[in-house]
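Chain letters run A, B, ... following the sequence lines, proteins first and then strands; every chain starts at 1.
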Amino acid sequence: MKLIIAMIQPHKLPDVKKALYEAEVYKMTVTNALGCGQQKGYTETYRGVIHDINLLKKIRLDIAVNEDFVEPTIKAIIRGAKTDKIGDGKIFVLDLQECIRIRTGERGNAAIG
Amino acid sequence: MKLIIAMIQPHKLPDVKKALYEAEVYKMTVTNALGCGQQKGYTETYRGVIHDINLLKKIRLDIAVNEDFVEPTIKAIIRGAKTDKIGDGKIFVLDLQECIRIRTGERGNAAIG
Amino acid sequence: MKLIIAMIQPHKLPDVKKALYEAEVYKMTVTNALGCGQQKGYTETYRGVIHDINLLKKIRLDIAVNEDFVEPTIKAIIRGAKTDKIGDGKIFVLDLQECIRIRTGERGNAAIG
Amino acid sequence: MDTSYAVTIGVDTLWVLIAAFLVFFMQAGFGMVEAGFIRSKNTCNILTKNFLDFCMASIGFFICGYAIMFGPSNSFIGLKGWFMVNAKSPVDIPIFAFWLFQAAFCGAAATIVAGGMAERMKFKAYLIYSFIISAFIYPIVGHWIWGGGWLAKLNFMDFAGSTVVHTVGGFAALIGTIILKPRIGKYNSDGSANVIAGHSIPLASLGVFILWFGWFGFNPGSTLSVGDGSLIGRVAMNTNIAAAMGGITAMFTIWKMFGKPDLSMAMNGALAGLVAITAPCAFIEPWAALLIGGIGGIIVVLGVALLDRFCIDDPVGAVSVHGLNGIWGTISIGIFGQKTLGLTNNGLIYGGGIKQLLIQILGVSTVIAFILVTMGIVFKVIEMTIGLRVSREEEFKGLDIGEHGMESYAGFQIFTTE
Amino acid sequence: MDTSYAVTIGVDTLWVLIAAFLVFFMQAGFGMVEAGFIRSKNTCNILTKNFLDFCMASIGFFICGYAIMFGPSNSFIGLKGWFMVNAKSPVDIPIFAFWLFQAAFCGAAATIVAGGMAERMKFKAYLIYSFIISAFIYPIVGHWIWGGGWLAKLNFMDFAGSTVVHTVGGFAALIGTIILKPRIGKYNSDGSANVIAGHSIPLASLGVFILWFGWFGFNPGSTLSVGDGSLIGRVAMNTNIAAAMGGITAMFTIWKMFGKPDLSMAMNGALAGLVAITAPCAFIEPWAALLIGGIGGIIVVLGVALLDRFCIDDPVGAVSVHGLNGIWGTISIGIFGQKTLGLTNNGLIYGGGIKQLLIQILGVSTVIAFILVTMGIVFKVIEMTIGLRVSREEEFKGLDIGEHGMESYAGFQIFTTE
Amino acid sequence: MDTSYAVTIGVDTLWVLIAAFLVFFMQAGFGMVEAGFIRSKNTCNILTKNFLDFCMASIGFFICGYAIMFGPSNSFIGLKGWFMVNAKSPVDIPIFAFWLFQAAFCGAAATIVAGGMAERMKFKAYLIYSFIISAFIYPIVGHWIWGGGWLAKLNFMDFAGSTVVHTVGGFAALIGTIILKPRIGKYNSDGSANVIAGHSIPLASLGVFILWFGWFGFNPGSTLSVGDGSLIGRVAMNTNIAAAMGGITAMFTIWKMFGKPDLSMAMNGALAGLVAITAPCAFIEPWAALLIGGIGGIIVVLGVALLDRFCIDDPVGAVSVHGLNGIWGTISIGIFGQKTLGLTNNGLIYGGGIKQLLIQILGVSTVIAFILVTMGIVFKVIEMTIGLRVSREEEFKGLDIGEHGMESYAGFQIFTTE
Ligand SMILES: Nc1ncnc2c1ncn2[C@@H]1O[C@H](COP(=O)(O)OP(=O)(O)O)[C@@H](O)[C@H]1O
Ligand SMILES: Nc1ncnc2c1ncn2[C@@H]1O[C@H](COP(=O)(O)OP(=O)(O)O)[C@@H](O)[C@H]1O
Ligand SMILES: Nc1ncnc2c1ncn2[C@@H]1O[C@H](COP(=O)(O)OP(=O)(O)O)[C@@H](O)[C@H]1O
């Protein structure tokens, strides 16, 4: 099992969700985050003081999947999130040792979906 | 060492914390998140437009523990979070390679607690 | 590749960012979180009821780096976040199996930076 | 052109209308205070209740409220002027202006209850309640005291409504919240209370200022005429002094008792002072206003603590602010009131003996009894029919989504872990 | 001293000024409603527009607006009193007081449009628009109806501005939002609408109360004199009844249609009732106000649904509230108006026939035509010159950062996934 | 009944009371502006200060403030009428009404300082300060100018308080913030400034509208009588024009200087225009109001930049808005004032020479000197005794939790990384 973490542009979330559904990935956890990367930020001015913002709004997705779903999930995320502009984000894949469904106590692959 | 990530129902957080304390797990990081899973959402209506909400409020717990604490921690989370209703959430266990306490620079098992 | 997760004191974020830049780590994702640990909280009183707060505001950093950047990154975080006071936080290191840049589809080390 | 002069009745109408506008605006104050003191997940719900109870009150008071309150006939209830058809104004100013002023008062009494029963009462149930209180219950009490009813005949005095408006609202809230039971998680099995913090102190603070502002219509406006300005001046000053002193004493009381100057309590204290001064404002000297308001500020703090002791859950302090201080204000007339300022007997400290005091106590107690019984029945009947309280799940999720299918702060990240 | 008496003109000025203050305060109400009903990322932008259009209106109405609206000369446009230099007041009260009252009205007409074109219109474009409408367009219509122009000569009646202010603002918003096109993501390819939820119900609710409060200056103040108080009393009561009834009918309509009592709609309903009662408030009985307001509340709900049907994106409902109900209110005079209350002919149901009704219809339709054409041209020209709409990127990021380089809620965690 | 006429004194009292209510309401405006312009973690603290300084001012002005300001005796200080016991009103209207109007002014002066010293001043220290300024410092200055003191005798003119209220508040804030030192993180070692963004633009915007609204009581109310309405009309119009123009010039100035139309500055500009017009509003023509307000808007922007240059940290711009524009407004009388409008000498441009101008400069400078010295001592003494500033840890955590043990926005996810 793997835990896939993706940082995407906030306004692409609906597209990514659609793409994931098409890939039959229905379960995920979404968090909002601030990202700092190649994408240059913007400047704010407040009461005559100028200020560089380099922490930009991002959405973080955490998706636990079984091995055979890893590639489809990655592809789906890319399909949904890609705009070819700097700032599109990243996908990280971690090894997931165990997964438990709290409601049933099921473990492993059975608990993922 | 392991990093235990749990997604739970927001209103179960106090119970989960209590259960963890009983299991002598005192340290954790809490984040609020939105979850999408089997649990069906609800519909909002705003100014005559109907709208399905399938991202539901969840609480995410990140808990780093030593090996011998893994099972007790999982059990405690289940004890606190279980309502037998869809949406109770999931627990994910990742392998934690290193843990450092910023204040002291301590590393490994010593730094976890 | 490794995924470095750090929980720090909110007001140290600027210092940590500075330290990371000096270590040539320019990319990260920031989330705000609540932490519970050795650091004792404070009490709130509201309309005659007293209330202990033990979930304290923390900032969570997620930084994906290549092997050779792991130690420099950890050192930089410590340099920026250390105040020698309880509550300074923790750094967790996880093994990162894959990293993909959404914009280009690049994978692995190339995609990290 | 050669100078023409303004007629008294025109100026008086002008004054009463402006006062009515200010009293209307208090509705916004109530809404903001109640919203600010509860959790964000129930904000839209309380605001809907607050908004609609004024609408309901306006219509209810138009259909039968006014007829019951000011219609002639027996000294228990008026029964003339339904739909305002040939309704009469008991004073000089035109009927329509007088109606608006009175309707705004009626709305205030109705909305006080929303706060006390907040975060768990069904919206439908609230709609029905709000129509009943403003169309029937409030007008009956009003008839007794301001409509020439039996209490008026006994020379019971309540200048601007400590009893008529605030005690009525406060005790309706009390019986309501008792029947409704506390919010989930408010009290522990051992009877100790938990904090359920209000979600927006700025909203609450704004609301209190709006209420204070509106009170300058509520009290001075109750003169119903301008005259040479000396009375409205006195009333306005007394109102302000009592509010200020109430805020100060409440803050120091809570500070002493719990170690921190709690703004929410200081603000409740100012409201307490305002409620307390409402009845006596015309009959007393400023120094007495200082005392009455100051004591009101202490009463509210102790009241809130007391209710928690009995596990009576009043999220915004409606009972202590309006109920308890309504009593205190009404009684204070019997202590500090002056014959020279329009009472039939001097108050206690002016050697008038306890006569007026007893009348005041009699009046306020009968009103309380009447409210507890009638509103108790109303709430019970609602409970047994359409139900009074939302489901446990809905209470967790919040009434905004459950009852209205919308959020109050779309997009904002909010922890709801209570 | 021996009593001296107050001169009528002084009291009337006092009244008109207080009314002007209340109408000014409506600007805050508009700002809060518009801000509350849109997304947080565009809040600072709408508030800046709302704030500056009043500034612009004040200056524009000072430079030429007043001269065009109330300056003597032909019945289409006034052309005397630029910069208020020897401008005359058409009524008894002093020119400066009269100006302030009228300027506040002008500001209201201007700001209505901000809501309809919210979340995507360039700030620069808005500044220019707001100066043009308040300095030229609005005053011309005002001249026709209140400045002794051709509609006034036809006995077209609009007591406080259902047509002059609200229809003008509402239809300017309509043509504006059509030219501007819907917000990204509001409508799907199949024409169905998506929810773009307002970010703060409390702000919106406060705003509606402020507007209602201000309307007590808007309508009763339009008497421009106090007299014996009977007229201002009637107007004030009618205003309140219509608002309350509008809120109730709108809530029940949306409840029936979509299963939930939507506060945002109930509030729109109250505003609808207020807009509708603005024209007839002085000429009708309270029961008629009940009907007019109630129907207004239904109109607004259907109007919002209708606009979505045609994919016309009006984020705050400006068109339905001000446009449609401006028409309804204007026409209602021809139905419920009474000769005895100051009309030249009785309304339909009083056997006055359809004469007045036709005049009203004629008047409001010409105004609508005039607005659609002139404002259509204005917006088109702006679009072709400096541009009307912000870039797609800026719309995603939000106009607060794009146009003003600042956030409305610094530090708050806000999801912006629309 | 046969018509009876309204007595002048009644109508004047009515007017002054309504004005007093509006001025009171400004307190809410100050609270919202100050809260909106600072960080959320200190919001409850500033609101508590704002709320309690009005309570303190009311009581302080009742105990000795009024006696010092309007009590007879020498031309430096009044010493009669403690606790208002046989205090006299210097004007026709009843003493209590006059007191309320003056007390509201006193509260305004006190609360201006809260903003300038926000986000780091101890609550206890603030309580003490607020009592001292409203009970002693402000009344002394008031006595000089409005209480028949030495400046009044010199024909120094300040119609509604540019000097008495705003310069006093603004310079008290200046000396206070200098002694208090900047907020942690506001200035870098190289003296450059960092942005510490306000947490709620909507709150601030609402606050500014409330202030503007209240100013219609502040300035026109200072006529203290209605008369034939011509004066109050002039004052009201001038007030509005200056505010509008101030908002516009401030916006364009900041736009030009920093590339973005900053709402917070535009709003400060309107307030600057209001402060500036406060002294001259009765003595000038509307076109002069346009100029005075417009210049005020520019002054405030430059003022804010200037203070940052000197690393003087004024979170809400209190010094520039109230201090600098208080000076400008006071002086402007000497330039644009007219004999025919009640001055003893014409202003500069009306050929009256520099006489009045010099008197104005003398007056405002002595007041500034007096404030800097007295308040400097007050703050220093507080600093050396109970302490003026909270601990570094508390400043990080926020004063809401540190001083009041509560959060302003319970449940909301807020980044506090400053
Ligand atoms: N090494 C990293 N560690 C953690 N988060 C990262 C990393 N690199 C990128 N991100 C996240 O992805 C977002 C987009 O990355 P960015 O470099 O701006 O664009 P791109 O990935 O197209 O080059 C960043 O804002 C950040 O949230
Ligand atoms: N595969 C997954 N990856 C990430 N988060 C998940 C996954 N499955 C469940 N979750 C989280 O757990 C929550 C509850 O899951 P859900 O399927 O609704 O109930 P249950 O786990 O009882 O079947 C979801 O809202 C989501 O936040
Ligand atoms: N075992 C853990 N798992 C998850 N988060 C932790 C753990 N230990 C510490 N943290 C995070 O680090 C923060 C600081 O830890 P704390 O024990 O208070 O101070 P210190 O690390 O200096 O002893 C906590 O608030 C929490 O957010």
Side-chain angles (χ1 to χ4, degrees), chain D residues 1 3-7 9-14 16-18 20-21 24-25 27-28 31-32 35-36 43-45 47-48 50-52 54-59 62 83-84 93-100 103-104 123 127 200 203 206 228 400 403-413, chain E residues 5-12 14-15 18 22 39-41 92 197-202 205-206 208-210 212-213 216-217 220 226-230 232-234 236-238 240-241 243-245 247-248 251 258-264 266-267 270 286-287 290 409 412-416:
Chain D
M1 86 250 177
T3 48
S4 85
Y5 294 104
V7 295
I9 188 172
V11 172
D12 290 346
T13 310
L14 169 58
V16 173
L17 279 178
I18 291 166
F21 304 161
F24 159 79
F25 196 42
Q27 199 73 19
M32 297 304 119
T43 299
C44 176
N45 176 258
L47 290 170
T48 314
N50 167 263
F51 181 75
L52 271 140
F54 184 81
C55 297
M56 283 296 188
S58 295
I59 304 307
F62 173 74
F83 286 88
M84 299 301 288
I93 60 166
I95 175 81
F96 290 162
F98 184 69
W99 177 87
L100 186 67
F123 179 63
L127 274 188
S200 178
L203 270 193
L206 174 64
D228 67 356
D400 288 2
E403 299 274 87
H404 309 284
M406 62 200 284
E407 292 165 274
S408 298
Y409 298 95
F412 283 81
Q413 282 292 285
Chain E
Y5 294 104
V7 294
T8 309
I9 188 173
V11 172
D12 289 345
L14 170 58
W15 168 236
I18 291 166
L22 289 171
R39 286 165 294 184
S40 49
K41 65 181 180 179
D92 292 351
H199 85 283
S200 178
I201 298 302
S205 152
L206 173 65
V208 170
F209 276 120
I210 291 175
W212 191 329
F213 179 54
F216 285 126
V226 169
D228 67 355
S230 56
I232 57 178
R234 169 184 300 274
M237 177 174 181
N238 285 344
N240 191 66
I241 299 245
M245 201 61 195
I248 292 171
M251 180 194 65
F258 298 95
K260 296 270 189 187
D262 180 333
L263 176 57
S264 78
M267 296 192 300
W287 64 262
L290 206 75
Y409 297 96
F412 283 81
Q413 281 292 285
I414 301 173
F415 255 111
T416 50

Can you see which heavy atom on [X] is nearest to which on [Y], and at what distance?
X       : Y       : value
G10(D)  : V226(E) : O-CG1, 3.3 Å
A236(E) : L17(D)  : CB-CD2, 3.8 Å
A410(D) : G198(E) : CB-O, 3.4 Å
R234(E) : F96(D)  : CA-CD1, 3.4 Å
P286(E) : F62(D)  : CB-CE1, 3.8 Å
G227(E) : V7(D)   : O-CG2, 3.6 Å

Are [X] and [Y] side-chain neighbours, meaning at least one heavy-atom pair lies under 4.5 Å?
X       : Y       : value
Q413(D) : I414(E) : no
P261(E) : H404(D) : yes
F412(D) : F412(E) : yes
F25(D)  : I210(E) : yes
I201(E) : T48(D)  : no
M406(D) : K260(E) : no
P202(E) : T43(D)  : yes
L263(E) : L47(D)  : yes

With a 4.5 Å cut-off on heavy-atom pairs, point out which of D262(E), I241(E), V11(E) contacts chain D the most.
I241(E)
Tell me, side chain or backbone of [X] under 4.5 Å from chain D's heavy atoms, or both, or neither?
X       : answer
M251(E) : side chain
Y5(E)   : both
F258(E) : neither
I18(E)  : side chain
L290(E) : side chain

Interatomic distance, [X] atom [atom1] to [Y] atom [atom2] [nearest 0.5 angstrom]:
X       : Y       : atom1 : atom2 : value
D228(E) : T13(D)  : CG    : OG1   : 7.0 Å
S408(D) : H199(E) : OG    : NE2   : 11.5 Å
S58(D)  : N240(E) : OG    : CG    : 4.0 Å

Interface residue of largest heavy-atom contact number with chain E, from [options], under 4.5 Å:
options                         : value
V16(D), I95(D), L52(D)          : L52(D)
W99(D), F83(D), F21(D), Y409(D) : F21(D)
G36(D), A97(D), A28(D), A20(D)  : A28(D)

For S205(E), side-chain hydrogen bond (donor to acceptor under 3.5 Å, both in side chains) partners two or more places apart
none
For F24(D), all residues meeting ring-ring contact (aromatic ring centres under 6.0 Å, His included), sequence neighbours excluded:
F54(D), W212(E), F216(E)
Counting only non-hydrogen atoms closer than 4.5 Å, does F98(D) touch chain E with its backbone (N, CA, C, O), its side chain (CB onward), both, or neither?
neither
Start with the C-alpha distance between L14(E) and L14(D), add both sets of side-chain angles, then the distance that settles side-chain contact (heavy atoms from CB on, under 4.5 Å), and finish with yes or no.
CA-CA 10 Å; L14(E) 170 58; L14(D) 169 58; 4.3 Å; yes
Within the side chain of T8(E), is there an N or O that forms a donor-acceptor pair under 3.5 Å with the backbone of S4(D)?
yes
